[in-house]
Protein chains: 2
Amino acid sequence: MSSRSQTIADILTRAIIDHRLVPGCKLGERELAEIFDVSRIVVRQALIRLADDGLAQIERNRGAFVAKPSMQEAMEIYDALTLVEQGVAAQLSDRLGPAGWAELRQHVERQRHAVAAGNDALADVLGQEFHTVFVRLSRNKVMQEIHAQLVRRTTLLRSLITADFDYCNLLDDHSRVVDLLEKGRLKQAMDLIDTHHRSVVRGYIMDREVFPEMTPAEALAPYLEAKADGATASVAPRKPAKTSGPAKTSGPAKTSGNSDGATAHLHVHLPKKDPVPTSRAASKKTNRGLPT
Amino acid sequence: MSSRSQTIADILTRAIIDHRLVPGCKLGERELAEIFDVSRIVVRQALIRLADDGLAQIERNRGAFVAKPSMQEAMEIYDALTLVEQGVAAQLSDRLGPAGWAELRQHVERQRHAVAAGNDALADVLGQEFHTVFVRLSRNKVMQEIHAQLVRRTTLLRSLITADFDYCNLLDDHSRVVDLLEKGRLKQAMDLIDTHHRSVVRGYIMDREVFPEMTPAEALAPYLEAKADGATASVAPRKPAKTSGPAKTSGPAKTSGNSDGATAHLHVHLPKKDPVPTSRAASKKTNRGLPT
DNA sequence: AAATCATTGATTGATATCCAATCTTGTGTT
DNA sequence: AACACAAGATTGGATATCAATCAATGATTT
């Protein structure tokens, strides 16, 4: 078992890439310490890890916040991701054996089935996973870790944007990349990777200031069930009073059953049905306004 | 200023890439805490940063050690570095303006002069710096940070090898890469980058188990001069001081692959001066005795 | 009343001390 | 010699405390 700070960093990472903790959200040491029932020091170590990973930013004497990348940084992240995946593509076009191509095709097929079945959530996850599988086939752990970090950051970015992707198109891109690569048309494959990412970035609109916001306690509760086994179950209210905001619509995003327990929080972007009334609109200035 | 754990992490990073702390070297919390005159917790946070950077590895209940990458990992690191630099090369061949090409040529010239002057140490630093300048011209900070981290890890690797490079050849490679790129011969430039790194890896012999080893106290002494301002060596009272203030410039500086590794700590493999086995300061705080 | 200044409160950065778990070592026993 | 076991050392973590800084007040001045 790894250290506790690593465990907590992992949970926070999950919560961030699940979009339960949104950019700009304050990550107070004392608050998190109470939520996880550990000392502040462990929380601090976890926050250091998150900051090193680019998912949080720590401001001296002001605390840690979920990172809120600028548009500039967003483009840099996608450029870097493109660069990495193009490089991997070049390597694979030389070195990948039949088993590798089969794995890629199989993955694309799985996603295609998910799309056909209307399971958008699964399709979204598989769509992201494709890139990970792709890089894994390079058999370079260092590269995998770099890529995984970039993917986490792009996932964070998707909290800031209008995620209105056309899964069919993106899926088709995956399929075509595999085809082109296997046929040795490296240049075209690399161009397609570039286009693929650009098509994602193009949809970005970062000036929206409205997020469905949860307090960290609400956001993190699902991940704690495993730990707070049975009895003590509901993590919730140790100290209800202070938690920053007024209790917003407690049901963050319906998610109906939310049965998925610990592992499967794959929250997809919901269309803008906006069940949340505009109550928050003028209510107060939340701490989401970031410096810079 | 940034946090103390960051400062200490920076110093340790410098010491590692200067080859003063060699792979496998134990980084004991208490020992480092006394050396830097901080609490163990700050040291621990610094070690977490190093581990996240790949320069140290932490084993539960056993402590932290300077990372000792395997041959496999070494090759992966160089593969990743090649991939990144090839990608940057592709970008630069499209986008770089005359000023950029001039900067690259100027850098190559500086190294050429250093070689001509027989200043191997400077030539070595400039040789590494070339790659950093190269990537900086991509104007992608994310990419720069990834690259800088890879460079740090390759520098660490050089503690494990017979560093018997042919500077002239490597320098010539730099020059030729610039030439090829500016002429638009991207493919050849990328191949040369690959060859360049492979020629470095080829010289690696990792099974040597004998290192010139210093105790951390010896290894880190040079970096502490700046901190012990004014009063220098003297007793260094622990409680009142806290001199957060005046440190400033001469300090440890940011690690980011910035130039000027030239702070004179150029890894020269020291002669095997028999290390005093246990004679190390048993006293507590006073052991910051200055070098020499 | 508006603007400025000062006090208060809360949060972070950091230290010291203590404790439990685990690893290492050295010794004693068979 | 091999094994077991006790002692010591080190790490991981908790708690309590303190100083410095930032945020939000409230009081004062114009």
Side-chain angles (χ1 to χ4, degrees), chain A residues 1-10 24-51 56-66 215-217 227 238-239 241-245 284-292, chain B residues 1-10 24-51 56-66 215-216 227 236-247 277-278 280-282 284-285:
Chain A
M1 193 160 32
S2 53
S3 65
R4 271 207 233 203
S5 61
Q6 183 63 63
T7 303
I8 292 176
D10 289 343
C25 177
K26 174 79 186 285
L27 300 171
E29 290 185 4
R30 188 177 306 276
E31 188 177 5
L32 294 178
E34 288 179 5
I35 290 172
F36 291 110
D37 195 29
V38 295
S39 71
R40 270 176 57 207
I41 291 173
V42 175
V43 170
R44 188 117 118 238
Q45 290 164 353
L47 292 175
I48 287 174
R49 291 187 146 104
L50 282 195
Q57 75 182 84
I58 298 175
E59 299 176 29
R60 183 171 175 86
N61 285 321
R62 293 202 356 101
F65 306 82
V66 177
T215 67
K227 276 183 75 174
R238 179 179 306 216
K239 231 173 167 196
K242 205 69 210 290
T243 57
S244 66
K284 79 272 154 105
K285 46 163 20 159
T286 59
N287 60 4
R288 76 161 63 89
L290 261 197
T292 34
Chain B
M1 247 347 208
S2 52
S3 64
R4 260 193 235 213
S5 63
Q6 183 63 62
T7 302
I8 291 176
D10 289 344
C25 178
K26 175 77 185 287
L27 300 171
E29 290 184 6
R30 189 174 306 276
E31 188 177 5
L32 293 178
E34 289 178 2
I35 290 173
F36 291 109
D37 195 29
V38 295
S39 69
R40 271 176 56 206
I41 288 173
V42 175
V43 170
R44 194 127 103 228
Q45 291 164 354
L47 292 175
I48 286 174
R49 290 182 204 269
L50 255 64
Q57 72 184 88
I58 298 175
E59 299 176 29
R60 184 172 172 90
N61 285 319
R62 294 204 354 103
F65 306 82
V66 178
T215 68
K227 279 186 77 173
R238 188 188 303 234
K239 2 244 305 304
K242 286 215 179 121
T243 71
S244 61
T278 52
R280 181 173 65 270
K284 17 171 107 224
K285 39 200 93 175

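Please read these numbers as outputs of a predicted model, since none were measured by experiment. Labels below follow one simple rule: chain letters A, B, ... track the order of the sequence lines, proteins then strands, and each chain is numbered from 1.
- Put simply, the side chain of A/R40 and the base of C/dG13 share a donor and an acceptor less than 3.5 Å apart.
- Rounded to an integer number of Å, the gap from B/R60 CZ to C/dT22 C1' is 9 Å.
- Per the geometry, CZ belonging to A/R4 stands 9 Å off C1' belonging to D/dA14, to the nearest Å.
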How far apart are the C-alpha atoms of B/T7 and B/D10, what are their side-chain angles, what is the distance that settles it, and do they pass the side-chain contact (heavy atoms from CB on, under 4.5 Å) test?
-> CA-CA 5 Å; B/T7 302; B/D10 289 344; 5.5 Å; no

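- Taking atom CD of A/Q45 as the reference point, atom C1' of D/dT11 lies 12 Å away to the nearest angstrom.
- Here D/dT15 presents its C1' atom at 15 Å from CD of A/E29, a figure rounded to the nearest Å.
- When rounded to the nearest whole Å, the span between CZ of B/R30 and P of C/dC23 equals 18 Å.
- Along DNA chain D, the nucleotide closest to A/N61 and the one closest to B/R44 are compared, and the more 5′ of them pairs with B/R44.
- Atom pair B/L47:CG and D/dT10:P shows a separation of 15 Å (rounding to whole Å applied).
- We find that CZ of B/R62 is positioned 20 Å from P of C/dA21, with the value rounded to whole Å.
- When distances run from any side-chain atom of A/S3 to the nucleotides D/dG13, C/dT24, C/dT15, the shortest one goes to D/dG13.
- Where A/G63 and A/I41 meet DNA chain C, the nucleotide closest to each residue was compared, and A/G63 sits on the side nearer the 5' end.
- By the 4.5 Å heavy-atom criterion applied to side chains, A/R44 and B/S3 are not counted as neighbours.
- Here B/I58 lies in heavy-atom contact (under 4.0 Å) with sugar-phosphate atoms only.
- In this structure, B/R60 places its CZ atom where more than 12 heavy-atom neighbours from other residues, nucleotides or ligands lie under 6.0 Å away.
- Here A/Q45 contributes atom CD and B/L47 contributes atom CG; the two are 10.0 Å apart, rounded to the nearest 0.5 Å.
- Rounded to an integer number of Å, the gap from CG of B/D37 to C1' of C/dA16 is 13 Å.
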